[in-house]
Structures are given as C-alpha cells and as structure tokens.
Amino acid sequence: MKTVYVLNGPNLNLLGMREPAIYGSSTLADVQMLCEAACQRHALALEFRQSNHEGELVDWVHEAGRLQAKGELAAVIMNAGAYTHTSVAILDAIKGTGVPLVELHISNVHARESFRHHSYLSAAARAVICGFGVAGYGLAIDAVAQW
Ligand code: CA2
C-alpha cells in the first residue's frame with residue numbers, strides 16, 4: 001500500500017474559524033476526514049499534517065522522499081499556504097527529493113491579490129489544483145491514485 005502525504009502550511013489550522021467567504025466553513029479536521037475517506041476508496045495510506053513552520057514542512061518533504069526512494073510514496077499533496085509565494089526552501093526540498101507534487105490551494109489564488117499569483121512551487125509540481133474549495137483535496141487524491 002502506497003502512502004499519500006497531505007501537508008498543510010501556515011494558518012491552515014484556522015480553517016473554518018475565520019474568512020469563511022474565502023476558505024469555506026470546513027475545519028482542517030473535516031478536511032482530514034475527507035482525505036481519509038478518499039484514501040480508503042483507493043487503498044492508499046494517509047499522512048495528514050499541518051505546520052506553521054517552514055523547516056518542519058521541509059523535513060516532512062524529506063521524509064516523503066525517503067518513502068519515494070523505497071517505492072512506497074504515491075504523492076505529496078501540499079497546500080503550503082503563504083509559503084507558496086515565498087519559499088525557495090520548500091521548492092528545493094521538492095526538487096531535491098524528486099517527490100511527485102500536487103500543489104493545492106483552496107481558493108482561486110489567481111482571482112486574488114497579485115502577490116498570490118506567483119508560486120515558487122509550481123515549477124516543481126506535477127499538477128496544480130486551486131479554486132475548488134476543500135473539495136480540491138479529494139480531487140487531488142482521486143488523481144494521484146491513478147499515477
Ligand atoms: O487558497 C489557499 O489554500 C491558500 O494556500 C491559503 C493561504 C494563502 O496564503 C494562499 O495564498 C492561498 C492562507 C491559509 C490561511 O488559511 C486561513 C484559513 C482560515 C482563516 C484564516 C486563514
């Protein structure tokens with residue numbers, strides 16, 4: 001059984017508690033349940049995590065990379081939050097490990113402020129999902145199950 005890493009970046013622990021017009025009313029615990037159900041449908045194991053710390057996200061990409069080296073990783077699905085728009089360190093971790101990445105955003109970042117239009121991660125992503133709300137997590141898992 002291969003493992004999907006679903007990694008969530010800064011402030012996503014606040015999901016469902018603030019800014020529902022942008023991010024909806026589901027909490028991160030709801031998103032985790034959605035991901036667990038999707039992984040069960042596809043017989044995938046799930047590692048679902050959130051951190052407000054850039055280095056911890058880098059460490060988790062490295063961890064996923066070690067599974068990748070053993071042929072045990074399905075993909076990394078990452079909502080890097082604001083680090084999407086700032087983090088060369090996360091980009092380097094993805095490139096350095098070679099993990100297959102789905103970059104995910106709940107909102108349509110292209111319809112928002114211009115500083116959200118650029119992503120450091122897209123260059124290393126196999127696919128990008130944005131604007132589907134939290135349903136994007138399920139769509140991403142359904143997609144990587146076919147990889
Ligand atoms: O749309 C997305 O998923 C984002 O990755 C979310 C990030 C934002 O910086 C990106 O540009 C787009 C922000 C995550 C913060 O999430 C919150 C959720 C509820 C309340 C406050 C913050």
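From a predicted model like this one, the values you see are computed outputs, not experimental measurements. All ligand and atom numbering here is 1-based and tracks the order in the structure. Every heavy atom of this structure was used, including side-chain atoms; hydrogens, water molecules and symmetry mates were not. This chain uses plain numbering: 1 for the first residue, then up along the sequence.
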Residue pairs passing the side chain to side chain donor-acceptor pair (under 3.5 Å) test with at least one member in residues 89-99, sequence neighbours excluded, are none
Flag the pair Gln68 / Pro100 as yes when at least one side-chain heavy-atom distance between them is below 4.5 Å, and no otherwise. yes
Residues at least two apart in sequence or cross-chain that pass side-chain contact (heavy atoms from CB on, under 4.5 Å) with Arg66, listed by chain then number, are His62, Glu63
Q.
Could you walk me through whether Ser26 and Leu15 satisfy the side-chain contact (heavy atoms from CB on, under 4.5 Å) test, starting with their C-alpha distance in whole Å, then the side-chain angles of each, then the deciding distance to 0.1 Å, before giving a yes or no?
A. CA-CA 7 Å; Ser26 300; Leu15 204 61; 5.5 Å; no
| query | Under 3.5 Å, is there a donor-acceptor pair linking the side chains of Asn52 and Glu54? | reply | no
ring-ring contact (aromatic ring centres under 6.0 Å, His included) filter on His118, not counting sequence neighbours, yields Tyr120
Distance filter under 4.0 Å, heavy atoms only, around ligand 1 gives Pro10, Asn11, Leu12, Leu14, Leu15, Arg18, Glu19, Tyr23, Asn79, Gly81, Ala82, His85, His105, Ile106, Ser107, Val109, Arg116
